[in-house]
Amino acid sequence: MIMLLRSRHCQSILKGIVVLTFLLHSNVSSAVQTPWGSRINGFAQHTLLWSDNNDFITKSDDAITSDITDVGLTLTHEFNRYWKFKGQVNSHKAGETSDGDPDLDFAYLQWQAISQPKHTLDLLVGRVVMRFGFNNELRDVAHSRPSIFSPYSIYYDRFRSTVFAHDGLGFDYRYTEGFNTTRFEAAAVVPRGKEEEISQIVPPAGYQSPSSNGQEGYYWRLTYEEPLKAKYALSSVFLRWDYDAEIPTGNPFLPFLKVKGGFNIGSTGISIQQNFNLLTATLEVFRHRAEYYDILPTGDVSIDLDAILLQAQTTCGPLDCLIQYEQLASHKTDFARATKTEDIGLGVGWKAFPSLTIRTEVHYVDGVSWLQDATNSTHEEWHYIATQFAWAF
Amino acid sequence: MFTAVCSHGADIVSHPSNPISELNEAQLRAIFSLQLTTWSDGSPIVVLRLASSNPTHKSFCKHRLKVLPQQLEAVWERLVFTGQRPRPLMMNDEQEMLSAIASTPGAIGYITGEHDHAVEIKTLPVNP
């Protein structure tokens, strides 16, 4: 028993229980209003993960990971009717793949330039969120998205600093007819990205200390929404990083060869969400393209990936139920020499308290192409079960 | 004095000063998804809600909004954590809902309407 209590996983689980117990008894279940008029919301979530044939978050010996914790605070301040500030700080700890250091997720000043009954236009400056498909609906922080995990969200969690929000200028135009809204958002940004995140993406292998020497990025998204009924989106994102990189040569007199090159990623897709009477169905289809240029000894390389997500949510008695299918197909083989990965997930959720949600998901996966560094790439079929405790105020 | 009659799930009630006398379903969905934030006279809409486990809330979601309760929660959470809107105000029970609606200009909420209430509020018929 003592050995069990001293184990790393048990301690992590106990820590999560203690924190959640404290939060539930602290009566903090709604936003905090500061004396200067700001509104603060927050969340904390702890996830337990079991997987076979693939230790995908961390390399745990016994295949159970309890080292997945997210904490976040969101601050909103309205200076007046026209000027607002919105910001969020996040900490994402996920085994060996995310360190849990707090990160300024987004922070921007918003000015309402046009405010008419049918037309509104907001201008944004600061760290703005890249509106990638139904990003907030499908792959934002785990407590507010339908599933705990999906291939999309794993990437989004892991490379959140690199893909989620960047410093720049944007606008948000909305046209309302009846109660339905057509919205066009766009921004031009300077992509950021933690060096440890970027170095996992580019260069792919054999390079040391890439340093950014140029970036550009933009996004646009067109949406049409009938509130609580239907939502459609067409969106595109492009990000480019230029790098000075040092290639190890193995020659003691010239240990590194300096090269200039870069990497860019672009994604374009359509997203559809429809609410039926007791069913919410979501479909998202995306083409992703990644290009390495002037940086690989093998020459320029491009990879095209086609991603499909199909998701349905409904109720099963007192529980929320979810079923989802996700497929990622590449025109090139991955490190397991396959071109397609499929994920089928089933989940249930229970709102145990107004501010606490408990969810469990079971996934069957065929393939590994969306994992960066699977520890067992020879097993193409594998499973994982995740249980999450999420508290938000 | 107000007597509400429950026909299709919960009844929609608001502060007596509310400038409108009826709603349609699209308008109701726009209000409770927090997309519509002002009444026709420009005054702010204050949305009140009951807990997710409350039978009246479930009935309201299913029969009035025709949406899953968790889907409505998800819409609110996304608005909160993208800094766009505060959550609707949580009421502990229907009595608290009635009192808050009667005392809060611009407030809108829902009750089952199975009993008389000695508070002054306005009921809003919902047209398809």
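Predicted model only: the values in this text are computed from it and were never measured. Just the heavy atoms: all of them, side chains too, but no hydrogens, waters or symmetry mates, feed the values below. Lettering follows sequence order; numbering is per chain, from 1.
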**Q** If we define contacts as heavy-atom pairs under 4.5 Å, which of V75(B), L89(B), T82(B) has the most with chain A?
**A** T82(B)

**Q** For chain B, find which of T76(A), T181(A), T314(A), V129(A) contributes the most heavy-atom pairs closer than 4.5 angstrom.
**A** T314(A)

**Q** Between Q88(A) and chain B, which part of the residue has a heavy atom less than 4.5 Å away: side chain, backbone, both or neither?
**A** side chain

**Q** Rounded to the nearest 0.5 Å, how far apart are CZ of R221(A) and CD of E185(A)?
**A** 4.5 Å

**Q** To the closest 0.5 Å, what do you measure between CZ (R127(A)) and CZ (F106(A))?
**A** 11.5 Å

**Q** Looking only at the side chains, is there a donor atom on one of Y232(A) and E226(A) sitting less than 3.5 Å from an acceptor on the other?
**A** no

**Q** With a 4.5 angstrom heavy-atom cut-off, is it the side chain or the backbone of S144(A) that approaches chain B, or both, or neither?
**A** both

**Q** Quick one: what part of D320(A) sits under 4.5 Å from any heavy atom of chain B, side chain, backbone, both or neither?
**A** both

**Q** In terms of heavy-atom proximity below 4.5 Å to chain A, should Q27(B) be classed as side chain, backbone, both, or neither?
**A** both

**Q** Quick test of your reading of the model: are D70(A) and R160(A) salt-bridged, counting only N-O distances below 4.0 Å?
**A** no

**Q** Taking side chain as everything from C-beta outward and backbone as N, CA, C, O, which of these in L279(A) sits under 4.5 Å from a heavy atom of chain B? Side chain, backbone, both or neither.
**A** backbone

**Q** Would you check if the distance from the ring center of F393(A) to the ring center of W391(A) is below 6.0 Å?
**A** yes

**Q** Let me know if D140(A) has heavy atoms under 4.5 Å from chain B in its side chain, its backbone, both or neither.
**A** side chain

**Q** Below 4.5 Å from any heavy atom of chain B, which atoms of E225(A) appear? Answer side chain, backbone, both or neither.
**A** side chain

**Q** Is R64(B) close enough and on-axis enough to F60(B), meaning under 6.0 Å and within 45°, for cation-pi?
**A** no

**Q** Below 4.5 Å from any heavy atom of chain A, which atoms of R49(B) appear? Answer side chain, backbone, both or neither.
**A** neither

**Q** So what's closer than 4.5 Å to chain A heavy atoms on E73(B): side chain, backbone, both or neither?
**A** side chain

**Q** Identify which part of Q273(A) has an atom lying under 4.5 Å from any heavy atom of chain B, answering side chain, backbone, both or neither.
**A** side chain

**Q** Name the region of V67(B), side chain, backbone, both or neither, that has any atom closer than 4.5 Å to a heavy atom of chain A.
**A** both

**Q** Heavy-atom pairs under 4.5 Å with chain A are the metric here; pick the option from Q70(B), Q35(B), K66(B) that has the most.
**A** Q70(B)

**Q** Would you kindly say whether T112(B) and E94(B) are connected by a side-chain donor-acceptor distance under 3.5 Å?
**A** yes

**Q** So F79(A) and H77(A), would you call those rings parallel, tilted or perpendicular, with 30° and 60° as cut-offs?
**A** perpendicular

**Q** Can you measure from CZ (R359(A)) to CD1 (I148(A)) and round to the nearest 0.5 angstrom?
**A** 5.0 Å

